[in-house]
Structures are given as structure tokens and as C-alpha cells.
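Quick note: residue numbers are just sequence positions, from 1. Worth saying up front: this structure is predicted, and the values here are computed from it rather than measured.
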Amino acid sequence: MRNLIPHLDGRVILKHVACQRLRARSRSGMKRTGKKTATDRNFVVALSRGLDVLRAFEPNDGLLGNQEIASRTNLPKPTVSRLTYTLTKLGYLAPVPRFEKYQLTPAAMSLGYAALANLGVRHLSEPFREEVMRATGGAVAVGGRDRHSMIYFGQSRGSETVGVQLDVGSRVPIATSAMGRAYFWALDEHDRAELSRVLREHYGSRWPKMRDGLERSGETVAKYGFAISVGDWHDDIGAAGVALKLNDGTGPYAFNCGAPAFRFTEERLINDIGPRLLTMVRNIEAALGGLMPHSKKQDSKKLKSGGKVARVAEGIR
């Protein structure tokens, strides 16, 4: 083969090499950014990757190195090295030379606190959450979606909830948590189908089992107005969840009330915790100027099993 190459036209060889490199770059870009974003001319891949690096830091991490960040983001380590260098120069990361790792700085935290300050529902809901916490002995939280998880941005927890070690910034999975399930069924059909696609891609072979749990939770939401999770997310946690829908275009958000499963059994969740949480959220909606509180008569008109909710569930397959 080497003997043949000198006899080929140099331009042909260069063109062949260029095509090979172009195909390789195309495949690489498609793999890292996804089919949808790779063809979106307005999507800034470098910005997306930089934010992915910041997202890699979780509440209890402390320090992360380039290798750990690369593993969490599925980005090449050389790319991560350039991104952490840039984020350090911008003041969002601080290097810790002794361990060859990085930590988030107050500049990065300021982004989160600015977001929290602008979430009126967090502040307004606090007395409502405190009331339900005292009445039930459970931890009451409010959260919003972040990719395939719900992230807490408000938490009310008392001395009786030591078994629920979650706080602001904690994440719970959409597919298996009461908060996530309530959020899922509050979405319109289009957004629910898109979220189902995201969850299916994220969980892979585990998705069918999680999908079945979501379908069952849809029946529960249709019947009672709230979702429950008993041992689906954590073996020893029971919780109820209710979505919050507003008329200003924000959200939906979702609340949950959870405790160790031996205290929050399925029976208690359905007969006591869930109804209390539902009433709380309806009152918050009214206080925020959103939807009016639902009456029992309205709740009785919710979707019946085998009806629309069953047809919608087909869409999450």
C-alpha cells in the first residue's frame, strides 16, 4: 500500500484525509452533545459543557478533580481540564493544589442564591410547610425539575424527621419519588412525552420498571389528586407529592411530605398525609394568585383509571 501512495494525486490524498477527519468530528460531536443540540445552530456547545462542569458538583462533594468531573459529565479529560482552567479564571472554581482538585466558589453559589431569592413560592410557602410539618411530623419540601431529577429549593424539617437527610440543593429522581411523580403528571402531554424520552435515555434498561411505577402513580394522581412513593425511591422512606401549577407560566413545581416508611405507611399516606398536602398546595396556589382551591366535588371528577390517564400512560412507553 505504501508503494502505491506516491503514485496517487496529492490532492486526492488530502481530500480523502479531510473527509475522514470531518466524519470523525461529526461522530464525536453527535455523541457528546446529542442529536438535537448538534444540529441546533443557536446551541453553544462550549457554554453547555462549562455548565455541565459546574453541575458535576453536588452538595456533599467538597472537592472534585478533573478525572471525577470527566466521569460525571462524559466529557474528555483534556476538555474538562480546559473548562476547569477557564472557570477558575472566571472565579467560579477555586483550585486546591494540594489535592489537585477544585471546589465551587461564592461566585458560583451566588447564581444559586439569586435563583432562590427570585422564587416567590419558596418564601410564601414556608408557613404552610411548617404547619404541615408540625401536624404530621414529616419533612415538607418544595422543588423544581433539573433534567431527570427534582431539586429541593425549600425544606421544612423538624426533630422527628432525622431519618430524612435532605436539604436545599438535594435531588430526588423524577421517576421514583413522590415529588417527581406529582410533577410528571402535572405536565401537558407534549412536555410529558419529552420528559419520558429524557428518562428513557437516562435509565436505559432500568426504564421499563420505572415506567410501570409512573403509570401506577398516574392512576393514584387521577384518583386522589396526589402521588405516593413507598420504598420506590428509598426502601425506608414513604412520601406523598402534590404538584403546584401557577397561571404566570412558571413551574410546575411540586411539594412532598415524607418520613421513615414505618411511620408513613401507604395507608396513612392515602388517608392522612396526601389529603393534608393537597389542601396545603391548593391554599398556596390561592395565596400566590394561581389556581383556586379545589373542592372535593372537583377532585371527584378527576381522571378515572382506564380513561384518559391510561391513554396518556401509553405515551411514556
Step by step, work out the side-chain contact (heavy atoms from CB on, under 4.5 Å) result for V45 and L47. CA-CA 5 Å; V45 175; L47 175 59; over 6 Å; no

Would you check, one step at a time, whether the test side-chain contact (heavy atoms from CB on, under 4.5 Å) holds for V80 with R49? CA-CA 8 Å; V80 170; R49 291 175 174 176; over 6 Å; no

Trace of the side-chain hydrogen bond (donor to acceptor under 3.5 Å, both in side chains) decision for D272 with T136: CA-CA 9 Å; D272 178 25; T136 65; over 6 Å; no

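Counting heavy atoms of neighbouring residues, nucleotides and ligands inside a 6.0 Å radius, atom OH of Y92 does not exceed 12 of them. Within a 6.0 Å radius of CD in E131, no more than 12 heavy atoms belonging to other residues, nucleotides or ligands are found. More than 12 heavy atoms of other residues, nucleotides or ligands sit less than 6.0 Å from atom CD of E130. Within 6.0 Å of CD on E201 lie more than 12 heavy atoms contributed by other residues, nucleotides or ligands. Atom CG of D235 has 12 or fewer heavy atoms from other residues, nucleotides or ligands within 6.0 Å.
Inter-residue side-chain proximity for Q155 and V140 is flagged as unmet; no heavy-atom pair is nearer than 4.5 Å. Counting heavy atoms from C-beta outward, N283 and F128 have side chains that approach closer than 4.5 Å. Under the 4.5 Å side-chain criterion, counting only non-hydrogen atoms from C-beta, F57 is in contact with I69. Looking at heavy atoms from C-beta onward, R276 lies out of side-chain contact with C257 at the 4.5 angstrom threshold. The closest side-chain heavy-atom distance from N271 to P275 is not below 4.5 Å. Under the 4.5 Å side-chain criterion, counting only non-hydrogen atoms from C-beta, L199 is not in contact with S196.
Atoms CD1 and CD, on I228 and E267 in that order, are 11.5 Å from each other to the nearest 0.5 Å. Taken from CD in E219 to OH in Y224, the straight-line distance is 11.5 Å, to the nearest 0.5 Å. Atom-to-atom distance recorded for R171:CZ and R147:CZ is 8.5 Å, nearest 0.5 angstrom. Residue M210 holds its CE atom at 11.5 Å from CG of D212, rounded to the nearest 0.5 Å. In this structure, CG on L63 lies 11.0 Å from CG on L93, to the nearest 0.5 angstrom. One distance of note links CG of L54 with CG of L111; it measures 8.0 Å at 0.5 Å rounding.
The pair D61-R72 meets the salt-bridge criterion, since a charged nitrogen lies less than 4.0 angstrom from a carboxylate oxygen.
With hydrogens and angles disregarded, no donor-acceptor distance shorter than 3.5 Å links the side chain of R129 to the backbone of R157. R263 contributes a side-chain N or O that, together with a main-chain N or O of G137, makes up a donor-acceptor pair within less than 3.5 Å. Remark: side-chain polar atoms of T105 are paired, donor with acceptor, to backbone N or O of G91 under 3.5 angstrom. In this structure, T265 contributes its side chain and A261 its backbone to no donor-acceptor pair below 3.5 Å. S217 places a side-chain N or O within donor-acceptor distance of the main-chain N or O of L214, the cut-off being under 3.5 Å. Using modelled atom types, one side-chain atom of S229 and one backbone atom of T176 make a donor-acceptor pair closer than 3.5 Å. A donor-acceptor distance shorter than 3.5 angstrom exists from the side chain of E285 to the backbone of K245, with no hydrogens or angles considered. Judged by distance alone, with hydrogens and angles left aside, the side-chain atoms of S81 form a donor-acceptor pair with the main-chain N or O of K77 at under 3.5 Å. A donor-acceptor distance shorter than 3.5 angstrom exists from the side chain of T86 to the backbone of R82, with no hydrogens or angles considered.
Minimum heavy-atom separation, I284 to S125: CD1-CB, 3.6 Å. Across every non-hydrogen atom of V142 and M179, the tightest pair is C-CE, 3.9 Å. The minimum heavy-atom distance linking A56 with T73 is given by the pair CB-CG2, 4.1 Å. Taking each heavy atom of W185 and R192 in turn, the nearest pair found is O-NH1, 3.7 Å. Pairing each heavy atom of Y203 with each of P173, the nearest pair is OH-CB, 3.7 Å.
Scored by the ring pair (Phe, Tyr, Trp, His ring centres under 6.0 Å) test, H234 finds no partners at all (sequence neighbours excluded). Applying the ring pair (Phe, Tyr, Trp, His ring centres under 6.0 Å) rule to F255 yields no partners; only residues at least two apart in sequence or on another chain are considered. Residues satisfying the ring pair (Phe, Tyr, Trp, His ring centres under 6.0 Å) criterion with Y253, sequence neighbours excluded, are F153.
A donor-acceptor contact closer than 3.5 angstrom links the side chains of N256 and Y152.
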